[in-house]
Amino acid sequence: KDHTKKLFQILIAASLFLLLMPVISYYLVPRISYMSFLPAVVISTIALLFFPVFFLGTSSPLFILLQTNTTNSSGKASGTVYAVSTLGGILATFLCGFYLIPAIGLNITLLIFGSVLFIGSLAVFKLFKGFPLLLFAGFMYLNLQFSFKRTDQLMVSDSLLGHLEVENVVRNKIEVRLLKINGIIQTEMNTKTNRSVSEYVNLLDTLIPNSMYSKDALVLGLGGGLTANLLVQKKYKITGVEFDERIIEASKKYFNLDANVITACEDARYFLNHCQKKFDVVLFDVFKAEEQPSHILTLESLQQLKKNLNDSAIICINWHGYANDGIGQGTSLLVNTFKESGFNVALTSLSKDEDHRNIIFVCSLKKIKDLPFLMKETIASTTLVNTDDKPLMEYLNASVNKTWRTNYLRYYQNN
């Protein structure tokens, strides 16, 4: 009887901590954003995962104990409990990843699992007590305060690829529409002009020439589609590749993606490996928050890309603003990788302030003619090359990524 009561208490505690996870996340995560990476990870892991995982983990031995009548039956009981636990984990992974989270979001999914565990425990053990019910009602109330609250967001969607939001904000009396993934802005559009308010897009406008006749351009990393629209205005025929189908939907519905843009929901490298078409302009704009996916910009990937380029094609890469020794080694790595692949490389930027600029790489198999806004500064020196076997980009950009995120949070959370 004591073991039954203890198991009931453990399952009730686990269910209540599951219900508490969205509440803790809502209030805790914004407050630890400024902390160093390691302490922030430790604090968030302990606060969000430790208690529900701890209590659920301690339930298995008690389940086994309650099903064991003799020493000989312990093996069968253990195997049954762990087999059912493993099967349940597999089914829940597929159910949550492919249906529940995309359909109703992470918070509501946790709410459902916590509620099912709580109510199921009451029903199985027939221990209906007032205090757990009071805690359950309190935690449900806390969740409902923000899980179902009305917002001004135009679109909200959860999936394995992250939490997507589209919303309008006012900056300096100008309404700006934002596309965000996990709280990080991917696209910023002036709602009156339908043009990007990001400086690097203005630089791209200067660097990419107008098409005198119908040329083909490829945009890897569609985002809100504003760079694709810019190229449409320059008379290019555009193919936009985006890994997240929800972003393609948002670009069409909320960012006025030109109807003539052909979209493909695929990984950029997979698309290039199977595409037989040749392009005159290729734009890499594949930032995932502060990171560039390393596999897209390797020596092997760039060599494969050559089959998709016309003779005078140019490649533009949107890049972070850091180039000097130490922190800028990732920039040097990318320069070396393009040169090793046989490309000529030029770096351009609108500013000398590394913390508040983007660098646009311009690469071509032909000699690059004079460009505006060429960078004069000396970039970090390294002889390393980014390859499939040794993908070093994320490692060498680690300091940059940390600095970029700190500056981002400081600017956008303060504004």
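All values reported here derive from a predicted model rather than from experimental measurement. The figures here come from the full heavy-atom set of this structure, side chains too, leaving out hydrogens, waters and symmetry mates.
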Looking at CG of N168 and CG of L154, how far apart are the two atoms once the value is rounded to the nearest 0.5 Å? 5.0 Å
With M393 as reference, evaluate H295, Q329, Q292 under the side-chain contact (heavy atoms from CB on, under 4.5 Å) test and give the passing residue. Q292
How long is the straight-line distance from CD1 of I112 back to CG of N107, given to the nearest 0.5 Å? 11.5 Å
Going by side chain to side chain donor-acceptor pair (under 3.5 Å), name the residues that satisfy it together with T298, two or more places apart in sequence or in a different chain. R269, D388
Would you say the side chain of L62 lies within less than 4.5 Å of the side chain of I10, judging by non-hydrogen atoms? yes
Is the number of heavy atoms from other residues, nucleotides or ligands under 6.0 Å of E199 CD greater than 12? no
Ignoring hydrogens and angles, tell me if any N or O in the side chain of S301 forms a donor-acceptor pair with the backbone of L297 under 3.5 Å. no
What distance do S341 atom OG and L299 atom CG have between them, rounded to the nearest 0.5 Å? 4.5 Å
Without swapping roles, check the side chain of S25 against the backbone of M21 for a donor-acceptor pair under 3.5 Å. no
Please check if atom CG in D353 has more than 12 non-hydrogen atoms from other residues, nucleotides or ligands closer than 6.0 Å. yes
Not counting sequence neighbours, which residues clear side chain to side chain donor-acceptor pair (under 3.5 Å) with E165? List them please. Q153
Nearest 0.5 Å, please: how far is CZ in F51 from CG in L20? 10.0 Å
Side-chain contact, heavy-atom cut-off 4.5 Å: F284 with L305? yes
Say whether, by atom type as modelled, one donor and one acceptor occur between the side chain of N336 and the main chain of T382 under 3.5 angstrom. yes
Is any side-chain heavy atom of Q304 closer than 4.5 Å to a side-chain heavy atom of N273? yes
pair L309-F343: side-chain heavy atoms closer than 4.5 Å: yes
Can you check side chain to side chain contact (heavy atoms under 4.5 Å, CB included) on I184 and F287, steps first, answer last? CA-CA 11 Å; I184 301 297; F287 268 112; over 6 Å; no
Using a distance-only test with no angle check, is there a side-chain donor-acceptor pair under 3.5 angstrom linking S294 and E394? no
CD (Q67) with more than 12 external heavy atoms under 6.0 Å: yes
Return yes when atom OH of Y395 has more than 12 non-hydrogen atoms of other residues, nucleotides or ligands closer than 6.0 Å, and no otherwise. no
The criterion is ring pair (Phe, Tyr, Trp, His ring centres under 6.0 Å); which residues satisfy it with F279, sequence neighbours excluded? none
Got a sec, which residues hit salt bridge (Lys or Arg N to Asp or Glu O under 4.0 Å) with E354, two or more places apart in sequence or on another chain? R357
Answer yes or no: are there more than 12 heavy-atom neighbours, outside K278 itself, under 6.0 Å from its atom NZ? yes
Any donor-acceptor N or O pair under 3.5 Å, side chains N229, D258: no
Do the side chains of L11 and F63 get nearer than 4.5 Å, heavy atoms only? yes
Under 3.5 Å: donor-acceptor pair, side chain of K234, backbone of D205: yes
For A228 and L222, the nearest pair of non-hydrogen atoms, with its separation, is CB-CD1, 4.0 Å
Could I get the full list of side chain to side chain donor-acceptor pair (under 3.5 Å) partners for Y200, not counting sequence neighbours? D285
Taken to the nearest 0.5 Å, the spacing of L111 CG from L106 CG works out to 11.0 Å
Do the ring planes of F50 and F54 sit parallel (below 30°), tilted (30 to 60°) or perpendicular (above 60°)? parallel
Within a strict 4.5 Å, meaning less than it, do heavy atoms of the L334 and N386 side chains meet? no
Which residues pass the side chain to side chain contact (heavy atoms under 4.5 Å, CB included) test with T187, not counting sequence neighbours? L179, L226, F255
How about K339: does its NZ atom have over 12 heavy atoms from other parts shown lying under 6.0 Å from it? no
Has S121 got a side-chain atom pairing as donor or acceptor with F8's backbone, closer than 3.5 angstrom? no
Before giving the answer on side chain to side chain contact (heavy atoms under 4.5 Å, CB included), spell out for T239 and D216 the whole-Å C-alpha distance, their side-chain angles and the decisive distance to 0.1 Å. CA-CA 8 Å; T239 300; D216 290 295; over 6 Å; no
Can you confirm whether N308 sits close enough to L218 that some side-chain heavy atom of one is under 4.5 Å from a side-chain heavy atom of the other? no
Check: T68 side chain, I64 main-chain N or O, donor-acceptor pair, under 3.5 Å: yes
Could you tell me whether a side-chain N or O of E242 sits under 3.5 Å from a main-chain N or O of G223, the two making a donor and an acceptor? yes
Can a donor-acceptor pair be found, under 3.5 Å and without considering hydrogens, that links the side chain of T348 to the backbone of I360? yes
Below 30° counts as parallel, above 60° as perpendicular, anything between as tilted: where do the rings of H274 and Y270 land? tilted
Heavy atoms of other groups near F361 CZ, more than 12 under 6.0 Å: yes
Would you call L347 and V335 a side-chain contact if the rule is heavy atoms closer than 4.5 Å? yes
Has the side chain of Y254 got a donor or acceptor atom that lies under 3.5 Å from a matching backbone atom of V166? no
Can you tell me how far OH of Y322 sits from CG of N401, rounded to the nearest 0.5 angstrom? 10.0 Å
Check whether any side-chain N or O of K307 sits under 3.5 Å from a backbone N or O of C275 as a donor-acceptor pair, and report yes or no. yes
